[in-house]
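In what follows, chains carry the letters A, B, and so on, assigned in the order in which the sequence lines appear, proteins first and then strands, with residues in each chain numbered from 1. These numbers come from the heavy atoms of this one structure, side chains and all, not from hydrogens, waters or symmetry mates.
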Amino acid sequence: MRSKPANPDAAPRAPLGLRLAAIGSILFLHLPFVVILLYSFTTDEQTFTFPLPGFTIAWFGEAWNRVDLWSALGLSLRVALGATIVAIVLGTLAAAAVHNSRFFGRDTVSFLVVLPIALPGIVTGIALRSALSTMDIPFTFWTIVVGHATFCIVTVYNNVIARLRRTSGSLIEASMDLGANAFQTFRYVILPSIATALLAGGMLAFALSFDEIIVTTFTAGQQATLPIWIFSQLTKPRDRPVTNVVAVLVVLIMAIPILLANRLTEESSSHSA
Amino acid sequence: MPPAAGAIIVSASNSSFPAIRFSNVSRHFGEVKAVDNVSLDILDGEFFTMLGPSGSGKTTCLRLIAGFDQPTAGGIQLHGQEVIGLPPYERDVNTVFQDYALFPHMTAGENVAYGLMIKKVPKAEREKRVEEILELVRLPGFAQRKPTQLSGGQRQRVALARALINHPRVLLLDEPLGALDLKLRQQMQIELKSIQQRVGITFVFVTHDQEEALTMSDRIAVFSQGRIEQVGTPAELYEHPASAFVAGFVGVSNLVHGSVAQAITSSPTMFSIRPEKIHLADPSAPVPADSYSAEGRVREVVYLGMYTRYVVELDGGGELAVMEQNLHTTSMDVLAAQGRPVRLIWQRNHVSLIPERAN
């Protein structure tokens, strides 16, 4: 960032007002998490009082012993994994098709793949629910996965197509020229070229699916994913600190793939520069 | 077997099939005739250049040989075998790409070994051959570098090594020197030629640079608008251009036709005469029997150090460019020629007649 152009010789240091605004924004974004973090250690089980009346790690132990929590977490992880795999396969194929060939309706396909991420979750949810009930499909693990895949595909698709656009088309020809068939070319040239894009897109997809609640509500039936479990806990004030503990753990778990995805895309873009 | 180094003529004669044969090959993209009814034989072991401006169809021809593209009509044979419909990985041909197309996630050594890896050559032999071929392209010890750590010239050599290590019978080169600076390009021209003579395989080289083509080639095909204008040795193309296009594209030439030609040769047939073949003389100078002459006035003098370029306005209309070496003249002498009446004299055997074409 540059400071005012009127003073080009000065060090590029942001003015005080801008710095305060930046700090304010970051606090606004992350202070709620700090509150959650604090209250997962409180001894007071019903109300939020500040300062904390006492410090305890008892809630972590209690959370550990909750079977319903573990089954919700397990379901969420499996759904996220399933949605990610579906997204990686379909997103990569869609990106390859749109990138490699010119066909009728190509731009439309591209648009339709990207659309679900922009579509409000409530619309996707209602649409899926009415589709499922019209076709008499019962709510299962797979209905949740399909619901999540609708908006997870786009993260993989976008990452992969951006990478393919930066990859020279002559690489594929060079590989074929050197004796590699289509499969070998995919294995040794295309896959390594898009690997980091796949990883980044996949992790984003995983993160999106893991905390999704709106679409899930419409496609899960009686099953409780972790977000649904947390939401249902809000009506039970006695368990509030347990919810806080879970929230903290979820944030910590999700931070890892997001940070990794960020790091990977940064690395690969600085490579190609 | 690849022929011995330098034995181009011999190897050409003891092979019953040409390395590459195009029979009435066309490649049309909708209305655009990228390649239009081209027939061509490229002999085994020769350094063959496809020369032409961009969009003339030379690169498309190369892609047809490699198998990246298929002709819309006609047949292509490699060493007598019909290859239409054969994918690139089933052709005994390797390509050096214009942008080198080195795999960015592999080291230079892995790039070079790629073809052997696909053929499942054992690792030990692979490494030995990589070392040898990197020696040949004068990049010993570069196997561990990533392509991003190499200069343009070094990448070019890696791309060459990656293709040559497979011992293809034909090597295709798509403007491989285009991205290099002039010095490096001239050095690589000589190196490519000597590598070709050492390995003894057929090189098909695509370029738009006529000087490059003249420097390296055994034979050249001049392309224009999807067709071949002329095929010949560099000397044939330069001394006897078959068309106005070749005369203008290969070197610089004066094209004279119509009444101006009639006045000089007493025939209206178009002819071409190279500027350096024309001798600038006094208006009173005698004209030898085996020469043509024309009178005119020097309109422009450009002193180029080694040479001087004159533009002479002919009395009978039109103008001729003349190149004279500054053997005994100084810049003062040549610049004083401006506006002077002169007689231009050139030998008849330096003239190439260019008959009008049907098309």
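Between B:Phe97 and A:Ser170 the shortest heavy-atom distance is CD2-CB, 4.0 Å. Between A:Leu171 and B:Ala101, the shortest heavy-atom distance links the atoms CD2-O, 3.4 Å. Nearest approach of B:Ile118 to A:Ala180, heavy atoms of both residues: CD1-CB, 3.6 Å. Nearest heavy-atom pair across A:Leu178 and B:Ala163 is CD2-CA, 4.5 Å.
Heavy atoms of B:Phe103 lying under 4.5 Å from chain A belong to its backbone as well as its side chain. Residue contact with chain A, scored on non-hydrogen atoms closer than 4.5 Å, is absent for B:Arg91. Both the backbone and the side chain of B:Asn94 come within contact range of chain A, each with at least one heavy atom under 4.5 Å from a heavy atom of that chain. Looking at A:Ser175, the atoms closer than 4.5 Å to chain B (heavy atoms on both sides) sit in the backbone and in the side chain alike.
The contact list for residues 53-61 of chain B toward chain A, using heavy atoms and a distance under 4.5 Å, is empty. For residues 83-97 of chain A, heavy-atom neighbours of chain B at less than 4.5 Å comprise no residues at all. Listed in order of number, the residues of residues 104-116 of chain B that approach chain A to under 4.5 Å between heavy atoms are B:Pro104, B:His105, B:Met106, B:Tyr114, B:Gly115. For a heavy-atom cut-off of 4.5 Å, chain A lies close to no residue in residues 126-138 of chain B.
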For this session: Start with the C-alpha gap between A:Tyr188 and B:Met117, add the side-chain angles, then the distance that decides, and say whether side-chain contact (heavy atoms from CB on, under 4.5 Å) holds.
Result: CA-CA 10 Å; A:Tyr188 295 117; B:Met117 189 260 296; 3.8 Å; yes
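Distance check: B:Phe68 CZ to A:Glu173 CD gives 5.0 Å after rounding to the nearest 0.5 Å.
In the displayed structure, A:Phe103 atom CZ is contacted under 6.0 Å by more than 12 heavy atoms of other residues, nucleotides or ligands.
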